[in-house]
2 protein chains.
Amino acid sequence: MMEETRGKLLRAARAAFAARGYAGASMDELTAEAGLTRGALYHNFGDKRGLLQAVIDQIDAEMAARLRAVGERASHPWRGLLDEYRAYIEMAVEPEIQRILLLDGPAVLGDPSLWPSQNACLAETTRRIRTLVEDGAIPPVDAEAAARLLNGASLHAALWIAASKEPEATLGKALEAFRRLAEGLARP
Amino acid sequence: MMEETRGKLLRAARAAFAARGYAGASMDELTAEAGLTRGALYHNFGDKRGLLQAVIDQIDAEMAARLRAVGERASHPWRGLLDEYRAYIEMAVEPEIQRILLLDGPAVLGDPSLWPSQNACLAETTRRIRTLVEDGAIPPVDAEAAARLLNGASLHAALWIAASKEPEATLGKALEAFRRLAEGLARP
DNA sequence: CTTCTCTACATACGGTCCGTATGTGAATTG
DNA sequence: CAATTCACATACGGACCGTATGTAGAGAAG
């Protein structure tokens, strides 16, 4: 079964990329870990970049689903936006996501918005901002531009937190500063 | 003269990293381009990462100087902040800076704020925000947190612009959204 | 039932690249 | 003038990626 092979390789690749980084991950080791050889890998994913792309698509989809769930649980649309970004930052602190999606991904594959996965995370936050504008909850703004900037801010916050000695305190500072910035969107 | 050798290698490395990316740049080619061999490189910079570090320190210092110059030319402190970030975004669109400092740098060396260069750019914008707070121009805010988020937003804006079909229009959208976010800092 | 083809991998090979170990000529020091 | 150090060159080993080739099994064709 080919689908099973792909699954095994994806799991092994996620673990290897997360643990050693894209450049440091050996395809021989990684495939052996999955009980296969590089032949299977090149047959299914084309090359090493293709494998990274597949891993990223998977992670991106998972993150977008988590974001949407968080946003939908919120009592108020504006609160939903803040909750989503809090969740985004917290996810971006996870080593696997940070290493693969935020550091290696852009370096190897270039601008995330050009990825085939279409960057589901970005689409999700863009959609939410657009909804806020359409509902009149915030003044008109280019939703994609705002989402991109807020995503960038969140991502940097996550790098900061991950490298911090006191992650909890740093998270608090980052969230407070983020709220201030986001409120710039809410004012006329 | 050792300083001259370092200079030659740094120039060649900047060009090679910018053109082919860190992973794609061959140290044999790069050193040959400088009229030297890998021996000189390992003697002066330790390893490939050390060379990247040196290149990044150089670029970072240049950017910080440019930022400071822009900020000081401004008529008003708040305007200085906006001008600085406009300049930051415009610099971050330059292929050399984007490729080396923003994409490969974090992937290879990790969080920029931990770099020996101390990230002069971040220090510069942090200093400017702190000044605004101390002068009472904006309400109190954690200057480092705000600077990190705004830098992250700018960086993402630059990636967006660089990948855009119509960079000028995209730059306009990004700057407008950025102004909105920054104004969140200015309100009580 | 036989044969042929096609698929999904495995194996083999070549070339590139990095880091280190070693060599070397010039400058410096005592 | 001998000895040492420095700044760089050369040589070597090992790892890794991509491709070319091999192969066992399944299904189609006749």
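Every chain is numbered from 1 and lettered A, B, ... according to where its sequence line falls, protein lines coming before strand lines.
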Interatomic distance, [X] [atom1] vs [N] [atom2] [rounded to whole Å]:
{"X": "B:Asp47", "N": "C:dT20", "atom1": "CG", "atom2": "P", "answer": "8 Å"}
{"X": "A:Leu36", "N": "C:dT7", "atom1": "CG", "atom2": "C1'", "answer": "16 Å"}
{"X": "B:Phe45", "N": "C:dT20", "atom1": "CZ", "atom2": "P", "answer": "17 Å"}
{"X": "A:Met27", "N": "D:dG18", "atom1": "CE", "atom2": "C1'", "answer": "9 Å"}
{"X": "B:Asp28", "N": "C:dT16", "atom1": "CG", "atom2": "C1'", "answer": "9 Å"}
{"X": "B:Arg38", "N": "C:dG19", "atom1": "CZ", "atom2": "P", "answer": "8 Å"}
{"X": "A:Met2", "N": "C:dT7", "atom1": "CE", "atom2": "C1'", "answer": "9 Å"}
{"X": "A:Tyr42", "N": "C:dC13", "atom1": "OH", "atom2": "C1'", "answer": "14 Å"}

Between [X] and [N], does any side-chain N or O lie under 4.0 Å from OP1 or OP2?
{"X": "B:His43", "N": "D:dA7", "value": "yes"}
{"X": "B:Asn44", "N": "D:dC8", "value": "yes"}
{"X": "A:Thr5", "N": "C:dC9", "value": "yes"}

**Request:** Give a yes or no on whether the backbone of B:Ala120 and the side-chain of B:Asp60 come within a donor-acceptor separation of less than 3.5 Å.
**Result:** yes
**Item:** Test item: A:Lys48 side-chain N/O and A:Ala25 main-chain N/O as donor-acceptor pair under 3.5 Å
**Value:** yes
**Item:** Salt bridge flag under 4.0 Å for residues A:Glu124 and A:Arg127
**Value:** yes
**Sugar-phosphate only, base, or nothing, as touched by A:Thr37 at under 4.0 Å among non-hydrogen atoms** = base
**Prompt:** Hey, does A:Ala25 reach any base, or is it just sugar-phosphate, or nothing, if we go heavy atoms under 4.0 Å?
**Reply:** sugar-phosphate
**Complete:** Whichever of A:Gly24 and A:Gly39 has the more 5' nearest nucleotide on DNA chain D, that residue is A:Gly24
**Request:** For B:Gly35 and for A:Lys48, locate the closest nucleotide of DNA chain D by heavy-atom distance; then report the residue assigned to the nucleotide nearer the 5' terminus.
**Result:** B:Gly35
**Prompt:** More than 12 foreign heavy atoms under 6.0 Å from CD of B:Gln58: is that the case here?
**Reply:** yes
**Asked** In terms of side-chain heavy atoms, does A:Thr126 have a donor or acceptor partner in A:Arg148 at a distance below 3.5 Å?
**Response** no
